[in-house]
J.: 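There's a structure below that I have some questions on.
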Amino acid sequence: MAGMSPLFRRKAAPQVRLVTLVRKPGCHLCDDAQTVIEKVCGELGVPWEQKDITEDRALHDQYWEQIPVVLVDGRQHTFWRVDEGRLRKELTGG
């Protein structure tokens, strides 16, 4: 098997990505961020979730001054404004 041509080796399964929007109620920047996330994730078939910062003390303590915050696979991608092109690039590896 070690000497097998790369053409016959199995490719690794694609990595499942997850986008998380950390937001609070009544936040217009959060609404804007959600619009971008819905568009990009919908087009790419990437799952996403949202978390309310007012219901999670750890998120509140970590991100209160930065909301909305976008996490990709649990790591901070951006805050305040979401750039559609940058998010798309992050999710496609491009």
Side-chain angles (χ1 to χ4, degrees):
M1 289 264 192
M4 185 180 287
S5 167
L7 295 174
F8 297 107
R9 289 190 193 136
R10 284 187 172 200
K11 292 185 178 186
Q15 180 183 5
V16 176
R17 312 302 305 264
L18 176 64
V19 175
T20 304
L21 172 60
V22 180
R23 61 172 301 152
K24 73 174 183 175
C27 168
H28 74 278
L29 287 178
C30 300
D31 294 339
D32 294 346
Q34 182 172 332
T35 299
V36 173
I37 291 168
E38 286 176 340
K39 178 181 180 188
V40 173
C41 288
E43 290 173 1
L44 298 176
V46 173
W48 72 278
E49 65 182 358
Q50 56 183 323
K51 295 188 177 183
D52 184 339
I53 200 167
T54 65
E55 296 177 1
D56 185 315
R57 187 68 190 174
L59 290 176
H60 180 277
D61 291 348
Q62 187 169 2
Y63 298 120
W64 181 252
E65 295 180 2
Q66 296 179 333
I67 59 165
V69 175
V70 177
L71 309 175
V72 174
D73 302 329
R75 291 189 341 261
Q76 186 170 344
H77 170 73
T78 194
F79 62 96
W80 293 337
R81 302 240 182 236
V82 181
D83 180 89
E84 181 180 334
R86 184 168 175 256
L87 179 59
R88 186 178 306 281
K89 185 176 179 180
E90 173 76 21
L91 294 174
T92 60

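Positions are given from 1, in the same order as the sequence printed here. Values in this document were obtained by computation on a predicted structure and should not be read as measured data. Just the heavy atoms: all of them, side chains too, but no hydrogens, waters or symmetry mates, feed the values below.
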J.: Under the side-chain contact (heavy atoms from CB on, under 4.5 Å) rule, what do V46 and V40 come out as? Steps first, then yes or no, please.
T.: CA-CA 8 Å; V46 173; V40 173; over 6 Å; no
J.: Distance from Q50 atom CD to E38 atom CD, nearest 0.5 Å?
T.: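 It is 8.0 Å, given to the nearest 0.5 Å.
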J.: Return yes if some donor-acceptor pair links the side-chain N/O of D52 with the main-chain N/O of K24 below 3.5 Å, else return no.
T.: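 No; zero donor-acceptor contacts below 3.5 Å.
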J.: How many angstroms lie between atom CD of Q62 and atom CG of D56, to the nearest 0.5 angstrom?
T.: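 The distance works out to 9.5 Å.
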J.: Rounded at 0.5 Å granularity, tell me how far CZ in R23 sits from CD in Q34.
T.: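 Output value for this atom pair is 5.0 Å.
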J.: Do V72 and L87 have side chains that get closer than 4.5 Å, going by heavy atoms?
T.: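 SC-SC contact between V72 and L87 confirmed.
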J.: Might you point out which heavy atoms bring F79 and Q66 nearest each other, and give the distance in Å?
T.: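 F79 and Q66 have their closest heavy atoms at CB-O, 3.2 Å.
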J.: If we only count heavy atoms from C-beta on, is the T54 to H60 side-chain gap below 4.5 Å?
T.: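 No, side chains not in contact.
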J.: With a 4.5 Å limit on heavy-atom distance, are the side chains of L21 and P68 in contact?
T.: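 In short, these two side chains touch, coming nearer than 4.5 Å.
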J.: Return the set of residues passing side-chain hydrogen bond (donor to acceptor under 3.5 Å, both in side chains) with D83 (not counting sequence neighbours), or none when no residue passes.
T.: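 Once residues adjacent in sequence are excluded, D83 has no partner under the side-chain hydrogen bond (donor to acceptor under 3.5 Å, both in side chains) criterion.
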J.: Supply the atom-to-atom distance H28 NE2 to D32 CG, rounded to the nearest 0.5 angstrom.
T.: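 Between atom NE2 of H28 and atom CG of D32 there are 6.0 Å.
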J.: Kindly compute the distance separating NZ (K51) from OG1 (T20), expressed to the nearest 0.5 Å.
T.: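 One gets 5.5 Å once the value is rounded to the nearest 0.5 Å.
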J.: In chain order, what residues pass the ring pair (Phe, Tyr, Trp, His ring centres under 6.0 Å) check against W80, with sequence neighbours excluded?
T.: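 Listed in chain order: nothing, the list is empty.
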J.: Look at the side-chain heavy atoms of Ile, Leu, Val, Met, Phe, Trp and Tyr, link any pair under 4.5 Å apart, and say whether L71 and V82 land in one connected group.
T.: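 No, L71 and V82 fall in different hydrophobic clusters.
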J.: So, the side chain of R17 versus the backbone of C41: is there a donor-acceptor pair under 3.5 Å, distance only?
T.: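 Such a contact is absent between R17 side chain and C41 backbone.
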J.: Can you tell me how far apart CG (L91) and NZ (K89) are? Round to the nearest 0.5 Å.
T.: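 If I round to the nearest 0.5 Å, the distance is 12.5 Å.
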J.: Let me check something: do L29 and V22 share a hydrophobic cluster, defined by ILVMFWY side-chain heavy atoms less than 4.5 Å apart, either directly or through other members?
T.: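 The answer is no; the residues belong to distinct hydrophobic clusters.
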J.: So do the side chains of V70 and V19 get within less than 4.5 Å of each other, counting heavy atoms only?
T.: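 They are in side-chain contact.
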J.: Taking all non-hydrogen atoms of both residues into account, name the closest pair between L18 and E49 and its distance.
T.: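 Shortest heavy-atom contact: CD2-OE2, 3.7 Å.
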